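Chain identifiers are assigned alphabetically (A, B, ...) following the order of the sequence lines, protein sequences preceding nucleic acid strands; residue numbering begins at 1 within each chain. Note that the structure is a prediction, hence the values are computed from the model and not measured.
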2 protein chains.
Amino acid sequence: MKSGVQTLRWRDGRLELIDQRRLPQRVEFVACDSAAAVTQAIRDMVVRGAPAIGCAAAYGIALEARRVKDAPPSEFAAAMTRAFDALAGSRPTAVNLFWALERMRAVLEKAKGSAPDEIAGRLIQEAHRILAEDVQANRAMGRHGEGLLRDGARVLTHCNAGALATAGHGTALGVIRSAVESGKRVSVIADETRPFLQGARLTAWELEQDRIPVTLITDSMSGHLMSRGEVDAVIVGADRVAANGDVANKIGTYMVAVLARRHGIPFYVAAPLSTIDLKLPDGAAIPIEERGAAEVRGFAGVEWAPGSVPARHPAFDVTPAALVTALITEKGVVHRPDREKIAALFRM
Amino acid sequence: MKSGVQTLRWRDGRLELIDQRRLPQRVEFVACDSAAAVTQAIRDMVVRGAPAIGCAAAYGIALEARRVKDAPPSEFAAAMTRAFDALAGSRPTAVNLFWALERMRAVLEKAKGSAPDEIAGRLIQEAHRILAEDVQANRAMGRHGEGLLRDGARVLTHCNAGALATAGHGTALGVIRSAVESGKRVSVIADETRPFLQGARLTAWELEQDRIPVTLITDSMSGHLMSRGEVDAVIVGADRVAANGDVANKIGTYMVAVLARRHGIPFYVAAPLSTIDLKLPDGAAIPIEERGAAEVRGFAGVEWAPGSVPARHPAFDVTPAALVTALITEKGVVHRPDREKIAALFRM
């Protein structure tokens with residue numbers, strides 16, 4: 001099953017991003033031809049999802065190199081520094097962003113002294129490679145993870161960890177897609193995921209495109225359905241996994257994990273190694289982005305709460321490793337993840 | 001502190017209900033002059049909140065008696081039967097509705113043989129009494145419960161259990177109001193409470209009217225705030241409490257209770273005795289209303305999810321008594337509520 005959804009595409013020398021603020025009402029693309037344009041697209045959530053943000057950032061660097069390739073060497077270097085800084089400052093929590101920028105920086109360093117055209121070309125190739133590898137990693141995660149789902153499984157997911165959050169196939173939804181490909185009947189329960197409504201707008205739309213049965217609920221309903229025996233497994237993606245297996249993911253994930261544990265329901269996290277941050281000992285060190293209050297007072301510019309009411313808006317939370325039944329990666333499934341098992345993944 | 005909010009008011013022989021679908025953008029009243037009009041208002045959530053629904057239903061019966069008082073006796077009796085049936089069928093979960101209808105039925109029975117004018121008058125007096133008693137009960141709950149909150153407490157609440165859910169003062173918010181009246185600085189964290197957004201629209205508005213500090217969050221954020229030590233207590237209302245202390249309340253309450261227990265945060269339920277249903281042994285027997293999918297796909301007629309996606313919409317969930325730190329009633333505070341302690345309340 002190849003998802004027809006194209007989250008990022010390279011066309012006529014530009015990066016085109018499906019506009020995730022407009023889905024599902026409109027399928028529109030935003031074209032980017034500079035690091036500044038990509039930075040803005042990430043900030044505004046035109047593109048979101050940890051792996052997709054990483055891919056977009058890589059293209060942002062490549063686009064910038066091409067844009068300034070005819071400038072004098074010192075200006076070229078300054079522009080590239082600005083591009084790295086701007087992209088690194090676009091969103092703080094998803095580590096794939098920083099991981100992708102490091103890969104691009106290594107290519108840039110290695111190409112030092114080459115002709116600017118040559119440098120730009122190598123950066124574009126590296127961005128293409130990051131994108132292709134992401135799809136491969138998701139496919140591998142799907143193969144490894146789909147065995148965890150039985151025929152007939154009712155799988156709850158939070159936010160969107162699908163094709164729209166990645167270069168294709170998806171992490172959490174990739175495991176579900178692979179299970180469906182292998183002939184299992186799997187149905188999905190999608191948390192709507194306030195405030196940006198990634199579940200209601202993106203997961204529901206994406207799964208309907210692939211004709212995978214999906215039922216929408218509000219974020220407040222998962223516990224009730226679990227208590228009634230209507231959920232067989234939970235699979236979510238991740239924005240950053242610490243060295244000990246603590247998982248930062250979309251706000252609300254932690255509550256789902258606590259309820260799943262209470263009801264003996266397995267809680268799986270599907271994430272590529274590029275989402276694992278070995279530099280952070282545990283989840284307490286993961287920076288949690290705070291976004292604007294207006295997004296909590298309403299949606300898409302319509303505010304239903306009093307405009308005067310203050311709001312908190314932590315965009316992510318941390319689920320302790322102890323609540324994670326298994327971490328599904330492209331290198332295999334890690335049951336009861338901990339520091340040693342995660343370190344071992346990087347030696348495979 | 002007297003809340004200026006008037007949820008139900010008797011004016012010129014009609015029941016006027018503040019239109020809770022329009023708040024906080026507009027403060028409008030819907031006037032009802034028959035049982036059918038009140039039934040529709042309850043169904044459409046013009047009025048909501050278990051105690052407020054009970055009061056409205058009582059007025060619905062009284063209005064109907066006055067409306068048909070000049071009809072022949074058999075028609076009068078038939079109209080009253082239809083009124084009781086319609087109101088009883090308006091919403092299934094909140095037991096105060098049935099409790100109020102029973103009180104009205106008892107008055108009607110006792111008045112049998114009197115002149116219709118006399119019967120209608122007695123029913124109107126009984127509705128006034130139910131309303132006044134509700135305010136008194138909320139005031140008593142506030143006095144009993146406010147001792148549970150310390151100065152500076154940050155109190156999380158779910159849905160709206162305030163003046164807007166009652167005849168005045170509120171149950172959960174009544175305890176908070178009483179704590180503020182007694183000189184404590186209490187701040188409130190309000191879950192927005194999807195899908196009807198009672199927290200974002202009603203609790204935020206109502207508390208701002210009284211200048212009680214309130215911060216809005218989405219339903220997915222309470223666990224994160226608890227994990228960061230930012231919540232000192234939880235207080236919610238109830239739609240029906242079973243004989244063993246299991247609590248049916250707005251969908252999402254159960255998840256809040258589970259998270260509060262995990263973090264050692266007290267979880268209080270404020271509810272008058274009219275919300276306790278001794279006929280039901282436990283929460284499993286409480287009927288849970290399922291509402292329409294469109295309310296989950298969007299809000300107020302705007303749908304952001306694909307129109308084709310199915311949705312579940314259980315409007316309430318059940319929190320087991322074991323998760324309730326204390327039940328706050330007008331007769332006093334019941335710590336670790338159970339069957340015996342609850343039965344004792346009715347003998348006081």
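Residues of residues 236-244 of chain B lying under 4.5 angstrom from chain A, judged on non-hydrogen atoms, do not exist here.
Contact of the V269(A) side chain with the N249(A) side chain is not registered, since no non-hydrogen atoms from C-beta on lie closer than 4.5 Å. Using a 4.5 Å heavy-atom threshold, the side chains of Y268(A) and V155(A) count as separate. Side-chain contact between V27(B) and I18(B) is present, with heavy atoms from C-beta onward closer than 4.5 Å.
Taking chain B as the reference chain and counting heavy-atom pairs below 4.5 Å, the highest number among G298(A), P306(A), A293(A) is found for P306(A). If you tally non-hydrogen atom pairs under 4.5 Å between each of D317(A), L259(A), V302(A) and chain B, the highest count goes to L259(A). For the set S227(A), P24(A), A204(A), G307(A), the entry with the most heavy-atom pairs within less than 4.5 Å of chain B is P24(A). Counting heavy-atom pairs under 4.5 Å between each of S222(A), S220(A), G199(A), P195(A) and chain B puts S220(A) at the top. Among the candidates V318(B), D219(B), I251(B), the residue making the largest number of heavy-atom pairs closer than 4.5 Å to chain A is I251(B). Between chain A and the options A300(B), A190(B), G223(B), heavy-atom pairs under 4.5 Å are most frequent for G223(B). Across Q25(A), M226(A), H158(A), the residue that shares the most heavy-atom pairs under 4.5 angstrom with chain B is Q25(A). When A284(A), P213(A), P310(A) are compared by the number of non-hydrogen pairs under 4.5 Å with chain B, P310(A) comes out ahead.
Checked by atom type and distance alone, the side chain of T215(A) never pairs as donor or acceptor with a backbone atom of A311(B) at under 3.5 Å. In this structure a side-chain-to-backbone donor-acceptor pair under 3.5 Å is missing from K184(B) to G152(B). Judged purely by atom type and a 3.5 angstrom limit, E206(B) uses its side chain to pair as donor or acceptor with the backbone of L164(B).
Taking the ring pair (Phe, Tyr, Trp, His ring centres under 6.0 Å) definition, one finds that F299(B) meets it with W304(A), sequence neighbours left out.
The side chain to side chain contact (heavy atoms under 4.5 Å, CB included) with D191(A) is formed by just one residue from the set L216(A), T157(A), V256(A); it is V256(A). Screening I235(B), V247(B), V234(B), V258(B) for a side chain to side chain contact (heavy atoms under 4.5 Å, CB included) involving F267(B) leaves a single residue, V234(B).
For L197(B), the part lying under 4.5 angstrom from a heavy atom of chain A is the side chain only. Contacts between E230(B) and chain A at a heavy-atom distance below 4.5 Å involve the side chain alone, from C-beta outward. Interface remark: I288(B) contributes side-chain atoms only to the contact with chain A (heavy atom separation under 4.5 Å). Proximity to chain A is absent for every atom of T193(B), based on heavy atoms less than 4.5 angstrom apart. With a threshold of 4.5 angstrom between heavy atoms, L207(B) does not approach chain A through any atom at all. Within the 4.5 angstrom heavy-atom criterion, no atom of I189(A) approaches chain B. Residue T203(A): no heavy atom, backbone or side chain, is found under 4.5 Å from chain B. Within the 4.5 angstrom heavy-atom criterion, atoms from both the backbone and the side chain of R297(A) approach chain B.
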Audit row: R194(B), M221(A), side-chain contact (heavy atoms from CB on, under 4.5 Å) steps and yes/no
CA-CA 9 Å; R194(B) 279 279 293 147; M221(A) 293 173 188; over 6 Å; no
Stepwise side-chain contact (heavy atoms from CB on, under 4.5 Å) check, V95(A) with L280(A):
CA-CA 11 Å; V95(A) 75; L280(A) 296 189; over 6 Å; no
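Taking all atoms of both residues into account, the shortest heavy-atom contact from D246(B) to G283(B) is OD2-N, 2.9 Å.
Contact check on R291(A) versus E289(A) returns a salt bridge, with a Lys/Arg side-chain nitrogen under 4.0 Å from an Asp/Glu carboxylate oxygen.
No side-chain donor from either of R201(B) and N160(B) sits under 3.5 Å from a side-chain acceptor of the other.
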